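Below, read A as the first sequence line, B as the second, and so on, with proteins coming before strands; counting in each chain starts at 1. Predicted model, so just to flag it, every value in this text is computed and none were measured.
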4 protein chains.
Amino acid sequence: MPRRYTLTLSCPDRVGIVAAVSGLIAAHGGWITEANHHSDPEGGRFFMRQEILADSLPFDATSFRERLAPIAAEFAMDWRLVDSACKERVVILVSQLGHCLYDLLARWQAQEWDIEIPCVISNHDTHRGFVEWHGIPFHHVPVASGDKAAAFARIAELFEDAQGDVMVLARYMQILPDALCQRYPHRIINIHHGFLPSFKGAKPYHQAYERGVKLVGATCHYVTSDLDDGPIIEQDVVRVDHSDDPSDLIRYGRDIEKTVLARGLGYHLDDRVLIHGRRTVVFR
Amino acid sequence: MPRRYTLTLSCPDRVGIVAAVSGLIAAHGGWITEANHHSDPEGGRFFMRQEILADSLPFDATSFRERLAPIAAEFAMDWRLVDSACKERVVILVSQLGHCLYDLLARWQAQEWDIEIPCVISNHDTHRGFVEWHGIPFHHVPVASGDKAAAFARIAELFEDAQGDVMVLARYMQILPDALCQRYPHRIINIHHGFLPSFKGAKPYHQAYERGVKLVGATCHYVTSDLDDGPIIEQDVVRVDHSDDPSDLIRYGRDIEKTVLARGLGYHLDDRVLIHGRRTVVFR
Amino acid sequence: MPRRYTLTLSCPDRVGIVAAVSGLIAAHGGWITEANHHSDPEGGRFFMRQEILADSLPFDATSFRERLAPIAAEFAMDWRLVDSACKERVVILVSQLGHCLYDLLARWQAQEWDIEIPCVISNHDTHRGFVEWHGIPFHHVPVASGDKAAAFARIAELFEDAQGDVMVLARYMQILPDALCQRYPHRIINIHHGFLPSFKGAKPYHQAYERGVKLVGATCHYVTSDLDDGPIIEQDVVRVDHSDDPSDLIRYGRDIEKTVLARGLGYHLDDRVLIHGRRTVVFR
Amino acid sequence: MPRRYTLTLSCPDRVGIVAAVSGLIAAHGGWITEANHHSDPEGGRFFMRQEILADSLPFDATSFRERLAPIAAEFAMDWRLVDSACKERVVILVSQLGHCLYDLLARWQAQEWDIEIPCVISNHDTHRGFVEWHGIPFHHVPVASGDKAAAFARIAELFEDAQGDVMVLARYMQILPDALCQRYPHRIINIHHGFLPSFKGAKPYHQAYERGVKLVGATCHYVTSDLDDGPIIEQDVVRVDHSDDPSDLIRYGRDIEKTVLARGLGYHLDDRVLIHGRRTVVFR
């Protein structure tokens, strides 16, 4: 893949936003390879994402940002320009269930994403060997029921030391404290093993079994202080029937969980996800 | 389709149930064309459905029932034998949205199901012409906010007069009173325009939009006194994204609603649905 | 819905296309409510669709076209500007199976699309009453095996008289002659009851059954001289298993056919489909 | 899971099959936990699968088989009784793409299946470290274009030495010679990266892209002498659109491939797949 700049922005909707941005890019010969817009008619907000070939522009990212700044100010944009040459640093948190971890490392191995995984953190030592075999540092941070604060302080420290861009809860079975959620807004991604907003909290598959639903699902979302209530990035479901007991639901669910997490994380890594209150705009 | 007897039963699970039933049928040369079993390991209950060619047996349905009775008593079965020669009588209730009504009448017209539709009942007069063109009686029963009891008494009377077997709420936008729900257990089928148990009650698509889910769905269920909480027969979903506003969700939802209702009703008409507490066993 | 202009175009990809078009629109205060772009990296072709609020521009559609013309010429655009005030005229062709016809008329009745249906044409008289009850003229044009040419000449004449914009083959079971296909490129839409390119030609469900596939599907495509080989607009599938015989596949397939046809036709009516050789660009 | 016997059989359909088998089992107090039947009305063949709790019977598998033999002979059954205490031995073949291998080993690690993996065989040395880290022997068997026969003779030898029950082609990119296919009928399982019968042979995703389909899929099937034409066990699809180039299709396809392979293999391992000519009966 050639080097690209990805520009994402949102601002109050009005005439001339696209003309102003695309005018600037065209004036310098910039080649746009992908563009998406969205106007939210209710909230009156406009969202945009553009990918520009880095080599088509006669200046670098810093200079590009300087030229965009006046337009951004004029339209009151919430904006960001990302250079594909800077790899995203993904820190994975996991507990004992390893299906999402295997899946993420398989994708990393296959270079599906252009990322670094500076470390994996777990409250169990189960997956140390598997992670270290891949040449990735593994940190065992037990979460003692009496002193959770210390554990999460340690996790934040490891994330900072690793210069992490995004923290992925790959079936990490501890609830993050508010402080941590608020410190990294839209930078912590969780996979919930239920089709939210149904079946929040613990044992969603058992809840689904008790209710007798005919489809079970999984939800990839940003973590906020409201448990299982952050903006949803991606969801999917799988069909079940009366012959499936909770252990079957758990088994089918694993396949959905890893796929949904990977899709949601992939959108995030490509800067395809913009936040819109409790919702997301995902430019697929 | 040749004439068939459909035997459905449930009973406490123990050794010898299938042997007893299939032994009786085999002893008289009965030809089983379809058979399904289900053991619920938690509740210790056994469920069975068998289709037998009527002409393969040397006796009629009444006589068949007499021969089954001692076995049913021995195993404490909750059972039922249905003769395909007796057509199910389906009474449809509808309000102003006609997509499910069109869909049901299209299937009836195409003889997808071997049913009678003795009448259609509505709280609006909107669809009278369409229904009557099909040669089906149409009853307009307005539901006045001050005197709902009278309206539902009239509906029950019409259902009785029509010798209805099953009442289908095809986007009928009134809440049925408890008394009616309890009078016809597992004989009233509703299509809810949301993926239950999420988004109960009114305006489920608006609720879904507010929450920012990435899939919306519909649920076909038996009506009980607990609103939107009866045993689920069938569900399905359709993918949506940020560009879809509530009116889009409503539009996509219509396609799911009519398909899910038709599938759920079809299973019911074929005696494929057995009740198991809050859940259903659906022998597809 | 407020009145809108929909601009669709494709042209050789180069720098400045979006800037030129959005610059023109912004210069006159045009409000863009929806925009989609696509660059085909292989073929070097660019595709765009924009919806503009008619009332935001100080001129009418004719004047808008005049102003777009020089830009279109500069970039060698293949383009079209549609005014939502002009309703699309949809002529439906059907044979004996009525499920797609019921579905299309239900949507028309519910005003899902802003269209006119000037007439329905059939090689059988089966659906005359149903169509005429809706106040739509019905033409019975038998296709005699010895004189098909006359029948199709009559169909073309009826389509012209009706000032049809698009011809929809809603399970019309006759093969259109080459001349007719070529006369109306990308204006004839068919629903094929198979998941193309598998199972072309007759009896696709029987072919699928023989092969033992686990999913069957339907395909909505533009009709070209190559039977079942025109550009695909939309497809979908439904799961089947060993217990389903060809008649079950046909039954399940009907639900997919009508949904896929409606989605494909809806995209066409909204000018969301652009042709790219044998493929389509569908801006959902 | 408690120890179980799984009985699978097929035979010409006639009265009394179920009665005979279930009568035998009931007579000895055998507890059936799962039962499935299928009558093929066209071919007149009957298929059955039953799971019986081993401890509910007063004799062992050998003795059970002796008691079943006369019934099997009477009804001309093609049958098999499997004891869950004997683990299936799964030999995996892989080339350079590792996503299916990672997925299979993740399931093995999580004990999703009660299997042994005696070895992994590859025509490349790429995955040696990963496989050996799991404690599984890895054999590199290059397939030289001039001497393929020797390579496949070596593979057969390794499979025999490993006492393999089933050979899984987990994106193994070599065509197996006829002799090998015929030596292990219904014991070699392949994942094809296309929705068969479309897109047989090489580069199915490129074929799909050229044709402009809106869904791409994968197919898990038994390998026979007819390339990509063996009985299909499982299939699934994923939606794509015009913005996806062949490399995107390949990427989405990987997720479908591993899921479809795992489901198909899981059905095989549970003895849920019965062969019916070119088709399969899969008792889910």
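Heavy-atom proximity under 4.5 angstrom to chain A picks out C/Asp13, C/Arg14, C/Val15, C/Gly16, C/Val18, C/Ala19, C/Ser22, C/Gly23 from residues 9-25 of chain C. Residue-level contacts of residues 35-67 of chain C with chain A, in order of numbering, are C/Ala35, C/His37, C/Ser39; threshold 4.5 Å between heavy atoms.
Within 6.0 Å of atom NZ in A/Lys87, more than 12 heavy atoms from other residues, nucleotides or ligands are found, so the atom counts as buried in its surroundings.
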